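See below for the structure under consideration.
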Amino acid sequence: MYGKESTDAVKFGAFSIELRDNGVALVTFSRPPVNALSLETYEDIRAFADYVSENDRIKVIVIAAPDDARAWCGGADLREFEGMTAARRKERYDFINECLPRFHRIDRPMIAAIRSAAVGVGVMLAGMCDLRIASTNARFACPEVDYGLIGGSAGLLASLGMPEAKVREMVYTGRAFTAKELEDTGFFNYVVPPSAVLPLALDLADTIASKSLPALKARKLASLMFEGPEWMDAYLKAQEASSALVENPESNAAVRAALGKDDEE
């Protein structure tokens, strides 16, 4: 086991938490086959965020996927999009908007340890973390355009300093980029071989966990304020536009085609 020995363990649906004796919480997201986010998983995220806010034993969080996972986060669960209507899409967003901001507002440093793929909302979750460690061959994609939809990651990526030209290339083409291809955008703290991702993330977490908890909380809240609210406003506008697109026949056909490919992300 990396780092300090675990002294506590708890599970919230797809999220397992090992709390180590120095305050490092290793969170493993496991929802085979591709770690896609269903509405139930968003509820798990909300429960996890609430647990952290009430537990001052946690000083820093590392979020990883199992060694054999096909994705760190494979995006939205397309099975929930089959036959989607604009009304149902809005209801879905209303629920997501109760859960996802709680993850973003977690008042502890969060480190994303990404060894495989981050797709769609997975890119957004990675962006909501404070630090990102990625393997050289980890893939990052915003493929919503391939389903006749638009995603909400662009504003967050831009607010984090990713070059606008690269953001637009990602959202207009939908193609996957390796972390190595994106390394010069500044999105990652480190891009390393797959075997080095989790050890490096936990080493960083150990260093952070040695600091004062009140100082870490204050620094995290200050960092959130520094980001500003503009990207969230853009995200909500993108949701409105995407809701209007879901009943497009091309969108429904693309979702069905993807589901016919063994639920690939």
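One is the number of the first residue; the rest follow in order along the sequence. Computed from a predicted model, the values in this text were never measured in an experiment.
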Using ring pair (Phe, Tyr, Trp, His ring centres under 6.0 Å) as the criterion, list what pairs up with F15, not counting sequence neighbours.
F29
Residues two or more places apart in sequence or in another chain: which of them pass side chain to side chain donor-acceptor pair (under 3.5 Å) with S116?
none
Using the salt bridge (Lys or Arg N to Asp or Glu O under 4.0 Å) criterion, which residues pair with D130? Sequence neighbours excluded.
K220
With sequence neighbours excluded, tell me which residues meet ring pair (Phe, Tyr, Trp, His ring centres under 6.0 Å) with F188.
F140
Output yes when D56 and R108 qualify as a salt bridge under the 4.0 Å nitrogen-oxygen rule, no when they do not.
yes
Going by an N to O cut-off under 4.0 Å, is there a salt bridge joining D94 and K90?
yes
Going by salt bridge (Lys or Arg N to Asp or Glu O under 4.0 Å), name the residues that satisfy it together with D67, two or more places apart in sequence or in a different chain.
R115
Can you name the nearest heavy-atom pair linking A25 to I17, along with the distance?
CB-CG2, 4.0 Å
Considering residues at least two apart in sequence or located in another chain, which fulfil the side chain to side chain donor-acceptor pair (under 3.5 Å) criterion with K211?
none
Counterpart residues, side chain to side chain donor-acceptor pair (under 3.5 Å), relative to Y172 (two or more places apart)
none
Mind checking salt bridge (Lys or Arg N to Asp or Glu O under 4.0 Å) for R92 and listing every partner two or more places apart, or none if nothing turns up?
E80
Run the side chain to side chain donor-acceptor pair (under 3.5 Å) test against E91 and tell me which residues pass, sequence neighbours left out.
none
Identify, with sequence neighbours excluded, every residue that meets salt bridge (Lys or Arg N to Asp or Glu O under 4.0 Å) alongside E40.
none
Sort and list the pairs that fulfil salt bridge (Lys or Arg N to Asp or Glu O under 4.0 Å) and have at least one residue in residues 153-167, not counting sequence neighbours.
E164-R168, K166-E169
Inter- and intrachain pairs under ring pair (Phe, Tyr, Trp, His ring centres under 6.0 Å), touching residues 101-132, at least two apart:
H104-W231
Between E181 and R139, is there a side-chain N and carboxylate O pair less than 4.0 Å apart?
no
